[in-house]
Chemist: 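Provided herewith is a single structure, encoded as structure tokens, for subsequent inquiry.
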Amino acid sequence: MYIGTQLSGDKLEQVGDRYLRQLAQLGIVHVCIDPVGSPYDWTRDILARHIDRIDAAGLVLDMVQLPLSSAGIDKVRSPAIVLGQEPDRERELDGICRLIELLGSLGIKAAKYNFNILGIPRTPSERGRGGAVLSTYRADQVTDADKLTRAGQVSTEQMWERITHFLECVVPVAEASKVRLACHPHDPLTPPGYKGVEERVLGSVEGLKKFVSIAESPYHGLNFCQGTIAESLESPREEIGDIIRWFGTRKKIFNVHFRNIKGGRYSFTEEFPDAGDMDMPAALRLYKEAGVDCMIMPDHVPDIDGEAPFETAFAFTFGYIIALFQANGWDPYGR
């Protein structure tokens, strides 16, 4: 268990090697950072040069993102997989399996992904500590709940069929390639029928428990977003501990988004880790006790003032997580 962070290829193109050096200067070693461009276009040479670029900054590439992002069905690079549309679904699955094999051959041990129709629904942002802008969801403020996506009406049965088909195709390849596949929960849990989706099946703890039981393998698990899971709970502070233990002791946590919230099911704001409702030091101890062995990383930090708000907000969160490790006498760098 060690501190890490993530960056998309598009964001890397914007911030460049300067940001990679900043991460190393802040004490980050392990990262999930994508090469520029579509994962379907990544070749062995592109990935090898990307690994060299990460290494040159003093970082270690632990993980990349498969072409199944949180962007939602209108923007995701693999829509046919999520929509269950043949024959394009098999073409996209073949591309993802090829990519998993390529990652394994280059020693990249994990890949994260989403299986997402709705994206990340939010309502107008609210203000938090010192006027920081907080990503917010209030179900009673939603105005477009009846507006369908291009997926149309999607039943719970259809969603599970699509997920099961995906897992039955990719998990054996991941197992053979020794690449852990880490799926992010649906963010957030939305009321039944929202935008035509009968149920966000990966938005609840019970749904996630069912998910990890399909195509059972030590290479099939979760990008365990503590913030997203808390968003589905009635009392996150009281409930999150048992959930961490359940997935952690079963070795189903392959990456942790160490994020806090205020609120709970259908009504919350995203907060800095020290400013939300959950006891984050206690949560970190639970990951350790459960034997979780992966990156612990920031996610969705609030928007703050300043000349470099993105870098500054993450720098604060890195420092907070490193301090928690050190307060417990643990090495935050995975050495």
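Keep in mind it's a predicted model, so treat the numbers as computed, not measured. Positions are given from 1 along the sequence.
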Chemist: Is there a side-chain contact between Trp160 and Ile214, using heavy atoms and a 4.5 Å cut-off?
Modeler: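 They are in side-chain contact.
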
Chemist: For a 4.5 angstrom cut-off between non-hydrogen side-chain atoms, does Pro35 reach Leu47?
Modeler: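 They are in contact (side-chain heavy atoms under 4.5 Å apart), so the answer is yes.
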
Chemist: Is it true that His220 and Phe211 have ring centroids separated by less than 6.0 Å?
Modeler: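 Between Phe211 and His220, which both carry aromatic rings, the centre distance is below 6.0 Å.
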
Chemist: From Asp55 CG over to Arg53 CZ, what is the distance, rounded to the nearest 0.5 angstrom?
Modeler: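 That separation rounds to 12.5 Å.
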
Chemist: Okay, side chain of Thr123, backbone of Gln141: is any donor-acceptor separation there less than 3.5 Å?
Modeler: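 Not confirmed, Thr123 side chain does not pair with Gln141 backbone.
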
Chemist: Should the heavy atoms of other residues, nucleotides or ligands under 6.0 Å from CD of Gln326 be counted, would the total exceed 12?
Modeler: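 Enclosed.
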
Chemist: Can you tell if the side chain of Asp34 reaches within under 4.5 Å of the side chain of Leu12, non-hydrogen atoms only?
Modeler: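 Not touching, per the 4.5 Å side-chain cut-off.
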
Chemist: Treating Ile, Leu, Val, Met, Phe, Trp and Tyr as nodes and any side-chain heavy-atom pair under 4.5 angstrom as an edge, say whether Ile3 and Trp330 lie in one connected cluster.
Modeler: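 Yes, Ile3 connects to Trp330 through the hydrophobic network.
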
Chemist: Taking atom types as modelled, find out whether Arg265 and Ser232 have a side-chain donor-acceptor pair closer than 3.5 angstrom.
Modeler: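 Distance-only check fails for Arg265 and Ser232.
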
Chemist: Would Leu222 and Val170 show up in the same hydrophobic cluster when neighbours are defined by side-chain heavy atoms closer than 4.5 Å?
Modeler: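 Yes: a chain of side-chain contacts under 4.5 Å links Leu222 to Val170.
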
Chemist: Tell me whether Leu118 shares a hydrophobic cluster with Ile120, the cluster being built from Ile, Leu, Val, Met, Phe, Trp, Tyr side chains joined at under 4.5 Å.
Modeler: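 Unlinked, Leu118 and Ile120 end up in two clusters.
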
Chemist: Under a 4.5 Å side-chain heavy-atom rule over Ile, Leu, Val, Met, Phe, Trp and Tyr, are Val133 and Val301 clustered together?
Modeler: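 Each belongs to a different hydrophobic cluster.
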
Chemist: Hey, is Glu311 close enough to Arg18 for a salt bridge, meaning N to O under 4.0 Å?
Modeler: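 Salt bridge: yes.
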
Chemist: Working to the nearest 0.5 angstrom, can you tell me the gap between Leu83 CG and Arg150 CZ?
Modeler: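 One finds 5.5 Å between CG of Leu83 and CZ of Arg150.
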
Chemist: Heavy-atom count check: over 12 atoms from other residues, nucleotides or ligands less than 6.0 Å from Lys209 NZ?
Modeler: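 Result for NZ/Lys209: enclosed.
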
Chemist: Spell out, as yes or no, whether a donor-acceptor pair under 3.5 Å connects the side chain of Ser105 to the backbone of Leu102.
Modeler: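 Checked: pair present.
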
Chemist: Do you know which two heavy atoms are closest between Trp246 and Arg250, and how far apart they sit?
Modeler: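 Smallest heavy-atom distance, with atoms named: O-NH1, 3.0 Å.
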
Chemist: Could you please spell out the steps behind the side chain to side chain contact (heavy atoms under 4.5 Å, CB included) verdict for Ile96 and Tyr40?
Modeler: CA-CA 7 Å; Ile96 287 178; Tyr40 284 117; 3.8 Å; yes

Chemist: Run the numbers on Arg91 and Glu86 for salt bridge (Lys or Arg N to Asp or Glu O under 4.0 Å), then give the verdict.
Modeler: CA-CA 9 Å; Arg91 175 183 56 79; Glu86 302 291 2; over 6 Å; no

Chemist: Only one of Lys75, His186, Arg200, His184 passes side chain to side chain donor-acceptor pair (under 3.5 Å) with Asn116; say which it is.
Modeler: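 That would be Arg200; it is the only one of Lys75, His186, Arg200, His184 passing the side chain to side chain donor-acceptor pair (under 3.5 Å) with Asn116.
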
Chemist: Does a side chain donor of either Ser217 or Glu175 reach within less than 3.5 Å of an acceptor in the other side chain?
Modeler: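 Yes, a side-chain donor-acceptor pair sits under 3.5 Å.
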
Chemist: What residue among Leu202, Asn114, Asn223, Leu68 forms side-chain contact (heavy atoms from CB on, under 4.5 Å) with Cys183?
Modeler: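 Exactly one candidate clears the test, Leu202.
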
Chemist: Any chance the rings of Tyr19 and Phe310 have centres within less than 6.0 Å?
Modeler: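 Between Tyr19 and Phe310, the centre distance is under 6.0 Å.
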
Chemist: Counting only N and O atoms by type, is there a donor-acceptor contact under 3.5 Å from the side chain of Asn328 to the main-chain atoms of Leu324?
Modeler: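 Pair found, side chain donor or acceptor close to backbone of Leu324.
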
Chemist: Does the salt bridge (Lys or Arg N to Asp or Glu O under 4.0 Å) test come out yes or no for Arg245 and Asp242, once each step is laid out?
Modeler: CA-CA 5 Å; Arg245 289 188 195 94; Asp242 286 342; 2.8 Å; yes

Chemist: The test is side chain to side chain contact (heavy atoms under 4.5 Å, CB included); show your working for His257 and Gln226 and say whether it passes.
Modeler: CA-CA 6 Å; His257 284 171; Gln226 186 174 327; over 6 Å; no

Chemist: If hydrophobic clusters are built by linking Ile, Leu, Val, Met, Phe, Trp and Tyr wherever their side-chain heavy atoms come under 4.5 Å apart, do Val60 and Ile321 end up in the same one?
Modeler: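 In one cluster with Val60: Ile321, yes.
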
Chemist: Quick one: do Glu92 and Arg162 make a salt bridge, cutoff under 4.0 Å?
Modeler: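 Salt bridge: no.
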
Chemist: CD1/Ile296 to CD1/Ile253 distance, rounded to the nearest 0.5 angstrom?
Modeler: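 The distance works out to 8.0 Å.
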
Chemist: Just wondering, do Val82 and Ser78 contact through their side chains at under 4.5 Å, heavy atoms?
Modeler: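 When only atoms from C-beta onward are counted, Val82 and Ser78 do not touch, as no gap falls below 4.5 Å.
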
Chemist: Which heavy atom in Leu99 sits nearest to a heavy atom in Leu66, and how many Å separate them?
Modeler: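 Smallest interatomic distance, heavy atoms only, reads CD2-CD2, 3.9 Å.
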
Chemist: Say whether Ser135 and Arg122, considering side chains only, have a donor N or O and an acceptor N or O under 3.5 Å apart.
Modeler: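 Yes, side-chain donor-acceptor contact under 3.5 Å.
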
Chemist: Which atoms form the tightest heavy-atom contact between Cys169 and Leu93, and what is the distance?
Modeler: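 For Cys169 and Leu93, the tightest heavy-atom pair comes out as SG-CD1, 3.8 Å.
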
Chemist: Are side-chain heavy atoms of Val256 and Cys294 found at a separation under 4.5 Å?
Modeler: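 Side-chain contact under 4.5 Å: yes.
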
Chemist: Hey, mind stepping through Tyr287 and Phe258 against side chain to side chain contact (heavy atoms under 4.5 Å, CB included) and telling me if it holds?
Modeler: CA-CA 11 Å; Tyr287 291 118; Phe258 198 64; 4.1 Å; yes

Chemist: Kindly give the heavy-atom pair with the smallest separation between Arg138 and Thr136, and that separation in Å.
Modeler: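 Heavy atoms of Arg138 and Thr136 come nearest at NE-CG2, 3.7 Å.
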
Chemist: Decide yes or no on side chain to side chain contact (heavy atoms under 4.5 Å, CB included) for Glu90 and His165, but give the supporting numbers first.
Modeler: CA-CA 10 Å; Glu90 298 312 309; His165 183 79; 2.8 Å; yes

Chemist: Rounded to the nearest 0.5 Å, how far does CE of Met295 lie from CD1 of Ile28?
Modeler: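 Spacing of CD1 (Ile28) from CE (Met295) equals 10.5 Å.
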
Chemist: Measure from the ring center of Phe166 to the ring center of Phe115 and say whether it is less than 6.0 Å.
Modeler: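 Phe166 vs Phe115: aromatic centres under 6.0 Å.
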
Chemist: Just verifying a value: how many Å separate Thr228 OG1 and Phe268 CZ, rounded to the nearest 0.5 Å?
Modeler: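 Going from OG1 on Thr228 over to CZ on Phe268, the span is 7.5 Å.
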
Chemist: Verify, without hydrogens or angle tests, whether Ser235 (side chain) and Glu238 (backbone) share a donor-acceptor contact under 3.5 angstrom.
Modeler: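 No, the answer is negative, given that no donor and acceptor are paired below the 3.5 Å cut-off.
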
Chemist: Using every non-hydrogen atom in the two residues, find where Ile304 and Ala313 come nearest and quote the distance to one decimal.
Modeler: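 Residues Ile304 and Ala313, closest heavy atoms: CD1-N, 3.9 Å.
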
Chemist: Can you confirm whether Phe224 sits close enough to Asn255 that some side-chain heavy atom of one is under 4.5 Å from a side-chain heavy atom of the other?
Modeler: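 No, too far: nothing below the 4.5 Å cut-off.
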
Chemist: Can you confirm whether Thr269 sits close enough to Tyr137 that some side-chain heavy atom of one is under 4.5 Å from a side-chain heavy atom of the other?
Modeler: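 SC-SC contact between Thr269 and Tyr137 ruled out.
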
Chemist: Checking salt bridge (charged side-chain N to carboxylate O under 4.0 Å, His left out) between Arg259 and each of Asp274, Asp299, Asp277, which is the one that passes?
Modeler: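 Going through the options one by one, the only one that passes is Asp299.
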
Chemist: Is there a salt bridge (Lys or Arg N to Asp or Glu O under 4.0 Å) between Lys195 and Asp144? Walk through the geometry before answering.
Modeler: CA-CA 7 Å; Lys195 291 195 170 184; Asp144 60 352; 3.1 Å; yes

Chemist: Check whether any side-chain N or O of Ser177 sits under 3.5 Å from a backbone N or O of Val179 as a donor-acceptor pair, and report yes or no.
Modeler: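 No; judged by distance alone, with no hydrogens or angles, the pair does not exist.
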
Chemist: Take atom CG of Asp45 as the centre, draw a 6.0 Å sphere, and report whether it contains more than 12 heavy atoms from other residues, nucleotides or ligands.
Modeler: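 More than 12 heavy atoms, drawn from other residues, nucleotides or ligands, come within 6.0 Å of this atom.
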
Chemist: Could you pull out the closest heavy-atom pair between Pro298 and Gly4, with the gap in Å?
Modeler: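 Result for this residue pair: CD-O, 3.4 Å.
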
Chemist: Is it the case that atom CG in Asp140 sees more than 12 heavy atoms from other parts of the structure closer than 6.0 Å?
Modeler: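 Yes, CG of Asp140 has more than 12 neighbouring heavy atoms, counting only those of other groups under 6.0 Å.
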
Chemist: Is the closest side-chain donor-acceptor distance between Gln158 and Thr156 under 3.5 Å?
Modeler: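 No donor-acceptor contact under 3.5 Å links the two side chains.
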
Chemist: With rounding to the nearest 0.5 Å, note down the distance linking CG in Asp279 to CG in Asn260.
Modeler: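 Between Asp279 CG and Asn260 CG, I get 9.0 Å after rounding to 0.5 Å.
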
Chemist: Evaluate the side-chain proximity of Pro39 to Val64: yes if any heavy-atom separation is below 4.5 Å, no if none is.
Modeler: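 No; the side chains remain at least 4.5 Å from each other.
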
